[in-house]
Amino acid sequence: MARGKKIYEGKAKTLFEGPEPGTIIQYFKDDATAFNAVKKDTIDGKGALNNLLSEHIMVGLGNIGLPTHFIRRLNMREQLIHQVEIVPLEIIVRNVAAGSFSKMFNIEEGTPLPRPIVEFCLKDDDLGDPLVSEEHILAMNWASSHEIDDMREIALRVNDFLAGLMFGIGIKLVDFKIEVGRQYEEGMQRLILADEISPDSCRLWDMETNQKLDKDVFRRDLGSLTDAYSEVARRLGILPKNTAASGPKLVE
Ligand code: UDP
C-alpha cells in the first residue's frame, strides 16, 4: 500500500498519512526507551511483536463492542488506523501496586489494590508526564467532564477485558496505560481507543512465578525483551507454540 508523508514520529511508533482521508498508517519501530528516553536501545523484532499483540487486543476489544482506531494490519510492521484527535492524557489503570504508584505511596510492588485505580497523566515528555487531577483537566481544558466519565468507562472496560484475557493464559495484569482520541463522524464526536496496547504499555506478570513479561524487562535489565514479548504472543496463540524463545525471527 502506498504510504503518504510522515506526520508524526514518536519514541516507539511513526505515523504516516493513510490511503484515504481520515486514515493513518501506524508503523511500529524496534526502538525501546525508558525513563523518559534517558535509556534507549533498538531491539530486533520488538516492533513486529507489538504490532501483532496490539492488533490481537484491539480486535478483541472491537469484538466486545468497544470502538477503537484499529482498521486492519497491513504487514508485520504497520497497521491502518482511523485518524483521531488524541486527548493529551495518558490513562493508567492499576490492579496491583507497581512502578511509580509503589514509589509515590511507598507500597510494596505486588500488593493487590482493593479496586482498580484509574489515573490521568498529562502527555508531556518535557514535564515527565505528571499525574493530574480532574480539576486540572477541566481547568486547563484538556478534556470535558463528559469525556472524563467516558475515559474512565473505556479504561475500566479495557481492564476487565484485558485482565480476563491475560488470566486465561496464566498472566496477571498489574497495570496498563491507554490513550483515547476524538473521532468526528457525521457531525458527531466520540472518544475511541487509540495508540497501542502491548507489553510496552502494560505490566504483565506470570501468575505462578511473577516473572515479568513486559517493558520492565528492558527498564530493569532483566533479560531479553523479545523473549518476554514472544512468550505473551505464544500463550495468546499469535506465535506458534513451538517457536524457540529467541527465534525464529519475525520476517518483514
Ligand atoms: N506507561 C506507559 N507509558 C508511559 C508511562 C507509563 O505505557 O509513558 C505504562 C507502564 O508501562 C505501566 C503503567 O503505564 O504499565 C503504569 O506506569 P507507572 O506510572 O508505574 O510508570 P513507570 O513506573 O513505568 O514510570
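One-based numbering, in listed order, for ligands and for the atoms of each.
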| request: Cation-pi check, Lys39 to Phe218: give yes when NZ or CZ is under 6.0 Å from the six-membered ring centre and within 45° of the ring axis, no otherwise. | output: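 Yes.
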| query | Who pairs with Lys177 by side chain to side chain donor-acceptor pair (under 3.5 Å), at least two apart in sequence or on another chain? | reply |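 So Lys177 forms a side chain to side chain donor-acceptor pair (under 3.5 Å) with Glu179, Asp195.
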| Candidates Gln79, Glu55, Gln26 - the one meeting side-chain hydrogen bond (donor to acceptor under 3.5 Å, both in side chains) with Arg73 |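 That would be Glu55.
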Is there a donor-acceptor contact under 3.5 Å from the side chain of [X] to the main chain of [Y]?
| X | Y | answer |
| --- | --- | --- |
| Asp129 | Asp124 | yes |
| Glu109 | Gly99 | yes |
| Arg77 | Phe28 | yes |

Where does ligand 1 get N/O contacts under 3.5 Å from the protein, atom by atom?
from	atom 1	to	atom 2	distance (Å)
ligand 1	8 (O)	Glu90	OE1	3.1
ligand 1	8 (O)	Asp129	OD2	3.3
ligand 1	11 (O)	Arg219	NH2	2.9
ligand 1	15 (O)	Asp175	OD1	2.6
ligand 1	15 (O)	Arg203	N	3.4
ligand 1	19 (O)	Arg94	NH2	2.7
ligand 1	19 (O)	Ser100	OG	2.6
ligand 1	20 (O)	Arg94	NH1	3.3
ligand 1	20 (O)	Arg94	NH2	3.4
ligand 1	20 (O)	Ser100	N	2.9
ligand 1	20 (O)	Ser100	OG	3.3
ligand 1	20 (O)	Arg203	NH1	3.0
ligand 1	23 (O)	Ser100	N	3.1
ligand 1	23 (O)	Arg203	NH2	3.0
ligand 1	24 (O)	Arg203	NH2	3.1

